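I have placed the structure first, in the form of structure tokens, so that the comments after it can refer back to it.
The model shown is predicted, which means the values in this text are computed figures rather than measured ones.
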Protein chains: 4
Amino acid sequence: MTDVGHNSVSKDQLRSIIERIEHEEEAKKVITDDIKDIYSEAKGNGYDVKALRTIVRMRKQDAGERAEQDAILETYMNALGMLA
Amino acid sequence: MTDVGHNSVSKDQLRSIIERIEHEEEAKKVITDDIKDIYSEAKGNGYDVKALRTIVRMRKQDAGERAEQDAILETYMNALGMLA
Amino acid sequence: MTDVGHNSVSKDQLRSIIERIEHEEEAKKVITDDIKDIYSEAKGNGYDVKALRTIVRMRKQDAGERAEQDAILETYMNALGMLA
Amino acid sequence: MTDVGHNSVSKDQLRSIIERIEHEEEAKKVITDDIKDIYSEAKGNGYDVKALRTIVRMRKQDAGERAEQDAILETYMNALGMLA
DNA sequence: CGGACAAGTTTGCCAC
DNA sequence: GTGGCAAACTTGTCCG
């Protein structure tokens, strides 16, 4: 390899970095699939997946933040006459 | 309350589903953070993070590439009546 | 080209189909970009883009359907003690 | 009502934004439907829709491919200090 | 912090 | 009509 610029890049070090990342990403994929399985199973038991996701999202969302979002929405909806 | 879907949602079953998902998502977050750490560490060692991400992405694509090509071939063969 | 199966595909006809589709997709992309521009401009005028998107989505959604979704959500939230 | 953000949201301005977006989205839907029609017509003429979609997708990728390659090259050159 | 990029989520379509 | 595949939209993250 031609040595360009700073380039004291150890081939082995670079390979190690890449492989560590790829290893983690595989692990992440496993978990992602597990989550999908849980939703699928729930669906099989009659649950509404979209609603479940909404619940999970809401619980993750900070309460104050949620109120803030609601307030903005309400402001706009009111301006548009979408409220009562 | 209006009865939606099969309903008579078991509180415990629902809670179990939600908590299993949240547990998996926490595990996923740990891994996501690990990946970020690896990139940060690499950056500290003088690597260009954007380039690293590009490499990882390319290797992922290359992996999928072969399958993609095969799928295309099969599609055409099927369209031409060369399969079964 | 080898004549396989039914294959009386006119090269010109195929090309025409493909190009018509690609032409439409370009037009679609223009509109998509226009929409992005409107949101950007609104953002520049101090609007909350996320809230705007929510409004648009809600107005698109049928009222009855929305109530249905809300009912499911409420059922779950109640089961989890997220209400009151 | 709570004052959110800059607020004093002009009802007319907001309505205008929303309606412009909705107008564009309708236009987009028309095009989307046109595309569907083209595929349907092609199907009626004996074409394999899945294969057509594959072709369109591939041609789009090929177009982006060159730009992608250039971007990768630039990224590396930049990382190696060969730019600027 | 603003704009680009990537990830994740949702929706639509086609085959079975 | 269900489940898997692919497109589109949304959200979040990262770099400048």
Donor-acceptor under 3.5 Å (D/Ser16 side chain, D/Asp12 main chain) = no

Only one of B/Ile38, B/Asp37, B/Asp34, B/Ile35 passes side-chain contact (heavy atoms from CB on, under 4.5 Å) with A/Arg20, and that residue is B/Ile38

Interatomic distance where CG belongs to D/Asp33 and C1' belongs to F/dA7 [whole Å] = 15 Å

Hey, is D/Lys36 close enough to D/Asp33 for a salt bridge, meaning N to O under 4.0 Å?
-> yes

DNA chain F nearest-nucleotide lookup for C/Thr32 and A/Lys43: closer to the 5′ end is A/Lys43

Take atom NZ of B/Lys36 and atom C1' of F/dC15, then tell me their distance rounded to the nearest Å.
-> 14 Å

Which residues, if any, of residues 50-63 of chain A bring a heavy atom under 4.0 Å of DNA chain E?
-> A/Lys50, A/Arg53, A/Arg57

Here the distance between atom P of F/dA8 and atom CD of C/Glu24, to the nearest Å, is 13 Å

So, the side chain of A/Tyr39 versus the backbone of B/Ile21: is there a donor-acceptor pair under 3.5 Å, distance only?
-> no

What does A/Lys28 touch in the nucleic acid at a heavy-atom separation under 4.0 angstrom: a base, only the sugar-phosphate, or nothing?
-> sugar-phosphate

Side-chain ion pair, C/Asp70 and C/Arg66, N-O less than 4.0 Å = no

5' to 3' contact window, DNA chain E with chain D (heavy-atom distance under 4.0 Å) | E/dC13 to E/dC14

Selection residues 49-59 of chain C - residue pairs positive for salt bridge (charged side-chain N to carboxylate O under 4.0 Å, His left out), sequence neighbours left out | C/Arg59-D/Glu22

Are any of the side-chain heavy atoms of D/Leu52 and C/Leu14 separated by less than 4.5 Å?
-> yes

Side chain A/Tyr76, main chain C/Thr54, donor-acceptor under 3.5 Å = no

Report the distance from atom OH of D/Tyr39 to atom C1' of F/dA6, rounded to the nearest whole Å.
-> 11 Å

